[in-house]
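The sequence lines fix the lettering, A, B, ..., with proteins before strands; numbering per chain opens at 1.
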Amino acid sequence: MTGEENRPAKRRKTKGNNPSIVKIGDKTIDLTAYLRPQENPVKKPPTNGVEKASPTTEEKQEPETKGNEKTEAGKPHKGVSKRHQNARATPMLRARKALPIWAHQEDIKSSLRKDNDILLIVGETGSGKSTQVPQFLCDEPWCRKKKVQVGSNTVNVGGMIAITQPRRVAAITLAGRVAKEMGTPLAPRQEGSVGYSVRFDHVVPKGTKIKFLTEGMLLQELLRDPSLRQYSAIIVDEIHERSVDVDLIAGFLKQILASDKAGRGGIPLKVVVMSATADVEKIQEFFNPQDVHSSMQLLRIKGRQFPVEIHHTDRPVPDIQEALIKQIFDIHQQEPLPGDILAFLTGQEEIEAAQRLIEEHSATLPSNVPKIQAFPLYGQLSIQAQQDAFKPAKQAYTRKVVLATNIAETSVTVPGVRYVIDCGKAKVKQFRARLGMESLLAKAISKSSAIQRTGRAGREGPGKCYRLYTAETYESLQEADLPEILRNDILGAVLTMKARGINDVLSFPLMDSPDVDSVEKALLQLLFLEALASDGTITEVGRKLALFPVSAPYGRVLLAAAEPEYDCLLEVIDIIACLTSGENIFHQLQAEDEPTRDDVEEHRKELYRREGDILTYLTAMQRYAAENADRIDWCRRRRINVRNMKQALSIRQQLRGICAREKLLAELPPPDPQPFVPLPPERADALLRCFLRGFALRTALLAPDSSYVTVQDRHVVAVHPSSVLHGHRREAIMFLEHVFTQKNYAKKVSAVQADWIVEAMGRR
DNA sequence: GAGCACTGC
C-alpha cells in the first residue's frame with residue numbers, strides 16, 4: 001500500500017506451492033504470463049538532476065472582500081484573443097485580484113519555467129485555484145503550440161492546458177466562469193480561448209487554450225494519444241478526492257514525465273496537481289523527483305472561509321436519532337433566524353425516520369416560536385424534491401433543516417446553512433475481491449471528511465458545527481478516506497491499463513496499489529470476457545471494451561449481441577442504457593404516494609415482465625421511447641425517475657453511435673417515436689443467453705429449501721426487493737449486481753435456464 | 001421487503 005512501484009515481489013501472493021495457479025470452479029488457470037514483469041516502464045533519469053528543497057509558501061489571507069463572487073460579468077468580448085486587458089473586464093479583474101491565489105501568480109508561473117515540470121498546489125475552498133491557475137499559465141512561453149519531428153512525421157505539440165474535474169457540472173460551470181473572465185465566447189464552432197469536454201457535451205471552440213474536462217474524458221484521450229500531444233500542461237484538480245480515474249491519470253502522467261518525451265518530440269509536459277486538503281505527503285512521494293527528473297514545488301494557499309465553532313459531545317451518544325433531534329431543537333431555540341441547519345446522515349432510511357420525528361416535534365412547538373421544516377436530500381430523490389432542499393423555506397419565520405447524505409459534502413452546496421450537525425458516519429461501498437461482491441455499510445468517516453462537513457457551516461458567514469461524537473472519537477478517526485482504488489472493483493482500471501499498453505499492471509505506478517487478490521480477480525474476469533489472451537495481452541475484444549462507456553461485462557454483452565447467433569444489439573443497447581443510467585429507474589413507492597399508489601402499480605404492470613428485470617427495463621425503455629405526447633407525465637404516472645430516463649436516452653444514442661462506428665451496427669435505427677412491439681419469448685431467450693456471455697459467473701440455482709445458491713462460490717443470495725423477481729421461484733437466476741447490505745442480495749435479476757449457464761461456461 | 005456519492009467516444 002505504499003506508492004512505490006518497483007517492489008512487485010512484495011505484493012506477490014503466496015498461495016500453495018505455485019502462487020500463479022488459481023482455480024475458478026473446476027478450471028485451473030496459470031497466471032504466470034499475466035504477472036510477468038515487463039521491462040521497467042519508468043525510465044531512470046540521467047543523474048544530473050539537482051534535487052531542490054520544496055519551498056512552502058505560506059500566505060497572509062487577503063482581507064475579506066464581500067460579494068466577490070457576485071461581481072457583474074463583462075459581456076463576452078467578440079473576436080477573442082486580446083483578453084483580460086480590455087476595459088470591460090475591469091470589475092471582474094478587480095474581483096480576481098481579490099482572490100487569495102492572485103498574490104501567488106508570479107510564484108506559480110516561475111515555478112514552472114526552466115526545467116521544472118511539476119507543481120503541487122494546496123488550496124482551500126475559495127482560494128480561486130481552479131479558475132485562476134489555468135489563466136496564469138496559458139500565456140506562458142512554454143504553452144505555445146510547436147511543430148516538431150516525431151519519428152518521420154512533423155506534428156504539432158502543445159498549445160492547450162487541460163484541467164480535470166471529478167464531476168461534469170464542475171467542468172461545465174468552471175469553463176463558463178473562466179470564459180467570462182477572459183471575455184471569450186463559450187460556444188461550439190466559434191473562436192474562443194476556453195472550452196470543456198464532458199460526456200454528451202463537448203464545447204471546444206477553435207483556438208481553445210484552456211479545456212476543462214472530466215477525469216474519465218482525459219483517460220479516454222490517453223487511450224488514443226498516450227503522449228497527450230495537444231497539451232502543454234495538465235492540471236489535475238481535486239486530486240484529494242482520489243477517484244480511480246484520477247489515480248490512473250496520476251500514473252500515466254508520472255510515466256510521461258519520466259519518459260524520454262520522444263512521443264512529444266522532446267517537448268516536456270507540465271503537470272500541476274491541486275489538492276484541497278493538506279495531507280500531501282503521498283502525492284509528493286509519488287511524484288518523487290528521483291523518478292521523474294524534475295523537482296516538485298509545493299505552494300500552500302489559504303482559502304476564504306468564515307470561522308466555524310466546533311462542538312463535540314461529552315460522551316458517546318447511545319442513540320444517534322435521539323441526539324440529532326435534540327440538537328436540532330436546541331439550535332432552533334437558541335439561535336436567531338435566519339440560519340438553516342444541515343445534518344449529515346447515512347442514508348435514506350435514517351433521513352426519513354428523522355424527518356418524521358422532526359415533524360412530530362415541530363407540531364408541539366408553541367405558536368409564538370418560529371416553525372421548523374425538514375427537507376430530505378439524497379441522490380435518488382427526484383429533481384423536484386432535491387430542489388425543495390435548496391430553496392428557502394416557504395413560510396416566513398421558518399427554519400429549514402436539510403437532512404442529507406454525503407451528497408452535500410462535495411457534490412452540492414445548500415445555501416443559507418449556518419449550522420451543521422455531523423453524525424460521524426457514512427455509507428461506503430467496498431468491493432470484496434475474494435467474494436466477488438460489494439458491500440454497502442455505514443462506517444465512521446475520516447477526519448478530512450469531518451472537516452469538509454464542518455466547512456459547510458462557514459460558506460456564507462460564521463457558523464457552528466455540532467458533532468454527535470466526542471473529541472476523542474474525532475482524534476481516533478482515520479486521516480483520510482481509503483482511496484477508491486482500494487475499495488472498488490478494479491476491473492475497469494485494469495482494462496484501461498491493458499488497453500494503454502501496460503502489460504504488467506502490478507508495476508504500474510499508483511499512489512495506492514490494490515492488493516494482488518483484486519488484481520488477479522480482475523485479470524481472471526477479463527480472461528473470461530475474452531478481453532485478454534491467455535498470455536495476458538489485450539485482445540481485439542479487450543480493445544473494443546475499453547472504448548465503451550460501460551463496464552467490461554456490459555461491453556462484452558454488446559459485442560455478443562452483434563453476433564448472428566443472438567442478433568439483438570438494439571435491444572441490448574436499450575437495456576444497458578437503462579441499467580447504467582442510475583441506481584434504479586423505478587422510484588420506490590412510498591406511503592405518501594398512497595392516493596395514487598394503486599394507479600402507479602396499474603401503470604407499471606404493463607412494463608413488468610416475468611422473465612425478470614432485464615426484460616422489464618427493455619419494455620420500459622421501448623415504451624418510453626414510443627411515447628409521443630408527454631414523457632415527463634408518462635414517468636410521473638409510473639413513478640419512474642425522469643432524470644435517469646433522459647440519461648438513458650443519451651447513453652442509448654451514444655452507444656448506437658459507437659456501435660455504428662465499430663461496424664457492429666449496419667445502420668442507425670429510425671428516430672423516435674417508434675411503435676412499441678413486445679419482444680416475443682424466443683427473442684427474449686436469445687437476449688438473456690446473450691447477457692450470460694458477460695455474466696455467466698453471476699448466476700445462482702434454486703436449492704431445495706427455496707434459497708438461491710451461487711454457481712461460482714456456493715453462497716446463498718436473496719433476490720433484492722427492488723427486483724420484479726422478488727418473491728418468485730425460478731430454476732436459475734442471473735444477476736447483474738451482487739451487494740451485501742442487510743443480507744447477501746442479488747440485484748437486477750433475470751430468470752434463466754440452468755443449461756444456458758452450462759452453455760455459457762462451456763464456451764471458455 | 002430495501003437503495004452513499006460520482007463518472008465514461
Visitor: If I take atom CG in residue Leu219(A) and atom P in nucleotide dC9(B), what distance separates them, rounded to the nearest angstrom?
Guide: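 The answer, rounded to whole Å, is 9 Å.
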Visitor: Nearest to the side chain of Gln742(A) - dC4(B), dA2(B), dG8(B)?
Guide: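 When the side chain of Gln742(A) is considered, dA2(B) is the closest of dC4(B), dA2(B), dG8(B).
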Visitor: Pairs in or reaching into residues 161-176 of chain A: which pass salt bridge (Lys or Arg N to Asp or Glu O under 4.0 Å), with residues at least two apart or in two chains?
Guide: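 Sorted pair list: Arg167(A)-Glu241(A).
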Visitor: Between dA5(B), dC4(B), dG8(B), which one does the side chain of Gln220(A) approach most closely?
Guide: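 Nearest to the side chain of Gln220(A) among the choices is dG8(B).
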Visitor: Output the rounded distance in Å from CG (Asn584(A)) to C1' (dC4(B)).
Guide: 16 Å
Visitor: How many whole angstroms separate atom NE2 of His202(A) from atom P of dT7(B)?
Guide: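 Taking atom P of dT7(B) as the reference, NE2 of His202(A) is at 14 Å.
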Visitor: Name the closest nucleotide to the Tyr378(A) side chain, picking from dA2(B), dA5(B), dC9(B).
Guide: dA5(B)
Visitor: Rounded to the nearest Å, what distance is computed from the CG atom of residue Leu381(A) to the C1' atom of nucleotide dC4(B)?
Guide: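 My rounded result for the distance is 14 Å.
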Visitor: Relative to Phe740(A), does Arg432(A) satisfy both conditions: NZ or CZ under 6.0 angstrom from the six-membered ring centre, and within 45 degrees of the ring's axis?
Guide: no
Visitor: On DNA chain B, nearest-nucleotide positions of Lys743(A) versus Leu377(A): which is more 5'?
Guide: Lys743(A)
Visitor: Could you give the CZ-to-P distance, from Phe740(A) to dA2(B), as a whole number of Å?
Guide: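 Rounded to whole Å, this separation is 12 Å.
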Visitor: For residues 406-415 of chain A, which residue pairs qualify under salt bridge (Lys or Arg N to Asp or Glu O under 4.0 Å), counting only residues two or more places apart or in two chains?
Guide: Glu409(A)-Arg453(A)
Visitor: Under 4.0 angstrom, heavy atoms only, what part of the nucleic acid is Leu440(A) near: base, sugar-phosphate, or nothing?
Guide: base
Visitor: Mind checking Arg168(A) for me? I need base, sugar-phosphate or nothing, with any heavy atom below 4.0 Å counting as a touch.
Guide: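 Sugar-phosphate contact only - Arg168(A) comes under 4.0 Å of backbone atoms but never of a base.
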Visitor: Could you tell me how far apart Arg656(A) (CZ) and dG8(B) (C1') are, to the nearest whole angstrom?
Guide: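 Spelled out: CZ on Arg656(A) to C1' on dG8(B) is 19 Å.
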Visitor: Select one nucleotide: of dA5(B), dC9(B), dT7(B), the one nearest the side-chain heavy atoms of Lys429(A).
Guide: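 Of the options given, the side chain of Lys429(A) lies nearest dA5(B).
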Visitor: Could you tell me whether the side chain of Asn744(A) and the main chain of Val716(A) form a donor-acceptor pair under 3.5 Å?
Guide: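 Between the backbone of Val716(A) and the side chain of Asn744(A) there is a qualifying donor-acceptor contact (under 3.5 Å).
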Visitor: Indicate, with yes or no, if the rings of Phe735(A) and Tyr745(A) have centres closer together than 6.0 Å.
Guide: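 No, they do not, as the ring centres are separated by 6.0 Å or more.
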Visitor: Heavy atoms from C-beta onward define the side chain here; which of dA5(B), dT7(B), dC4(B) lies closest to that of Glu484(A)?
Guide: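 Per side-chain heavy atoms of Glu484(A), the pick is dA5(B).
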Visitor: Looking at Thr214(A), I'd like to know whether one of its side-chain N or O atoms comes within less than 4.0 Å of OP1 or OP2 on dG8(B).
Guide: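 True: Thr214(A) side-chain N/O within range (under 4.0 Å) of dG8(B) OP1/OP2.
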Visitor: Looking only at side-chain N and O atoms, does Tyr745(A) come under 4.0 Å of OP1 or OP2 in dA2(B)?
Guide: yes
Visitor: Is the side chain of Ser448(A) donor-acceptor paired with the backbone N or O of Ala480(A) at a distance under 3.5 Å, no angle test?
Guide: no
Visitor: On DNA chain B, compare the nucleotides closest to Ala552(A) and Thr741(A); which residue's is nearer the 5' end?
Guide: Thr741(A)
Visitor: Check for a donor-acceptor pair, side chain of Arg467(A) on one end and backbone N or O of Thr473(A) on the other, with a separation under 3.5 Å.
Guide: no
Visitor: Base, sugar-phosphate, or nothing for Val550(A), non-hydrogen atoms under 4.0 angstrom?
Guide: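 Result for Val550(A) = base.
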Visitor: Hey, does Arg199(A) reach any base, or is it just sugar-phosphate, or nothing, if we go heavy atoms under 4.0 Å?
Guide: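 Since a base atom lies under 4.0 Å of Arg199(A), the category is base.
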Visitor: Assign Ser243(A) to base, sugar-phosphate, or nothing according to its heavy-atom contacts below 4.0 angstrom with the strands shown.
Guide: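 If one applies the 4.0 Å heavy-atom cut-off, Ser243(A) turns out to touch nothing in the nucleic acid.
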Visitor: Expressed as a whole number of angstroms, how long is the span from Phe200(A):CZ to dT7(B):C1'?
Guide: 10 Å
Visitor: Assess whether atom NZ of Lys425(A) is packed by more than 12 heavy atoms of other residues, nucleotides or ligands within 6.0 Å.
Guide: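 No - once you tally the heavy atoms of other residues, nucleotides and ligands closer than 6.0 Å, there are 12 at most.
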Visitor: Could you give the CD1-to-P distance, from Ile485(A) to dT7(B), as a whole number of Å?
Guide: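 After rounding, the gap between these two atoms is 19 Å.
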Visitor: So which of residues 718-728 of chain A are in contact with DNA chain B, with a heavy-atom cut-off of under 4.0 Å?
Guide: His720(A), Pro721(A), His726(A)
